[in-house]
Amino acid sequence: MKIKVINKSKNALPHYETIASAGMDVRAHIDAPITIGPLERAIVPTGLFIELPIGTEAQVRPRSGLAAKKGITVLNAPGTIDADYRGEVGVILVNLSNKPFTIENGERIAQIVIAQHAQGQWEEVSELSSTDRGVGGFGSTGVK
């Protein structure tokens, strides 16, 4: 699938690292380092502006290495970039560690996954069909 992109950064375009990769790493596009203190958050610009085909979205997800090693994650994961959005792609990062974390220009801060989606239409009814699970929710199927 072709995705139109404007890259206002000096970073390379996001790309798939392997033939089986689902996500492409995106990089910070900042004039000066940004330090995120413990439990603080920041919107980090990428310099990317994209035009997605209708019926697709870009999901902004955490990078597992940053999350596991540094406690840095995407706050609204996955963030959704709609096909009709034309502004700069920004990443909401949060520092869940107990140490400040500094982001440098060009640093890989998140990944983007392109996904197809469908739009649903609500149909109001007075009753839903029954299932074996029924109304069982959070944890109702057990832990093992």
> Is Tyr85 reachable from Val91 through a run of hydrophobic residues whose side-chain heavy atoms are each under 4.5 Å from the next?
Replying inline: yes
>> What I'd like to find out is whether the side chain of Thr73 reaches to under 4.5 Å of the side chain of Leu66, using heavy atoms alone.
In response: no
> Is there a chain of hydrophobic side chains (I, L, V, M, F, W, Y, each step under 4.5 Å between heavy atoms) that links Met24 to Leu13?
Replying inline: yes
>> side-chain contact (heavy atoms from CB on, under 4.5 Å) for Asp31 and Asn105? Distances and angles first, verdict last.
In response: CA-CA 7 Å; Asp31 295 327; Asn105 185 50; over 6 Å; no
>> So, taking the atom named CG in Asp25 and the one named CZ in Arg108, what distance separates them when rounded to the nearest 0.5 Å?
In response: 5.0 Å
> When rounded to the nearest 0.5 angstrom, what is the spacing between CD1 in Ile81 and CZ in Arg86?
Replying inline: 11.5 Å
> Hey, what do you get for CD1 (Ile36) to CG (Leu93), rounding to the nearest 0.5 Å?
Replying inline: 5.0 Å
> Are any non-hydrogen side-chain atoms of Val113 and Pro78 less than 4.5 angstrom apart?
Replying inline: no
> Quick one: does Asn98's side chain have a donor or acceptor within less than 3.5 Å of a partner on Pro38's backbone?
Replying inline: no
> Rounded to the nearest 0.5 Å, what separation is found between the NZ atom of Lys70 and the CG atom of Asn95?
Replying inline: 10.5 Å
>> Would you compute the distance between atom CD of Glu57 and atom CG of Asp84 and round it to the nearest 0.5 angstrom?
In response: 12.0 Å
>> I'd like to know if Ile34 and Leu75 are part of one continuous hydrophobic network [Ile/Leu/Val/Met/Phe/Trp/Tyr, side-chain heavy atoms within less than 4.5 Å].
In response: no
> Which heavy atom of Ser9 sits nearest a heavy atom of His29, and at what distance?
Replying inline: CB-ND1, 3.2 Å
> If every non-hydrogen atom of Asn7 is compared with every non-hydrogen atom of Ala12, which pair is closest and at what distance?
Replying inline: ND2-C, 4.1 Å
> Is a donor on one side and an acceptor on the other found under 3.5 Å between the side chain of Glu40 and the backbone of Val94?
Replying inline: no
> Which value, rounded to the nearest 0.5 Å, describes the distance between Ile112 atom CD1 and Thr46 atom OG1?
Replying inline: 6.5 Å
>> Counting only heavy atoms not in Ile43 (residues, nucleotides, ligands), do more than 12 fall under 6.0 Å from its CD1?
In response: no
>> Could you see if Val5 belongs to whatever hydrophobic cluster contains Val60? Use Ile, Leu, Val, Met, Phe, Trp, Tyr and a side-chain cutoff under 4.5 Å.
In response: yes
> With the 4.5 Å side-chain cut-off for hydrophobic clustering, are Ile109 and Leu96 part of the same group?
Replying inline: no
>> Through direct or indirect side-chain contacts below 4.5 angstrom among Ile, Leu, Val, Met, Phe, Trp and Tyr, which residues connect to Phe49?
In response: Ile6
> At their closest point, which heavy atom of Pro100 faces which heavy atom of Thr35, and how far apart are they?
Replying inline: CB-CG2, 3.8 Å
>> When you compare the side chain of Pro53 with that of Met1, does any pair of heavy atoms fall below 4.5 Å?
In response: yes
>> Give me the atom names and distance for the closest heavy-atom approach of Asn11 to Gly106.
In response: OD1-CA, 3.4 Å
>> The test is side-chain contact (heavy atoms from CB on, under 4.5 Å); show your working for Glu88 and Lys8 and say whether it passes.
In response: CA-CA 9 Å; Glu88 181 175 10; Lys8 293 189 177 181; over 6 Å; no
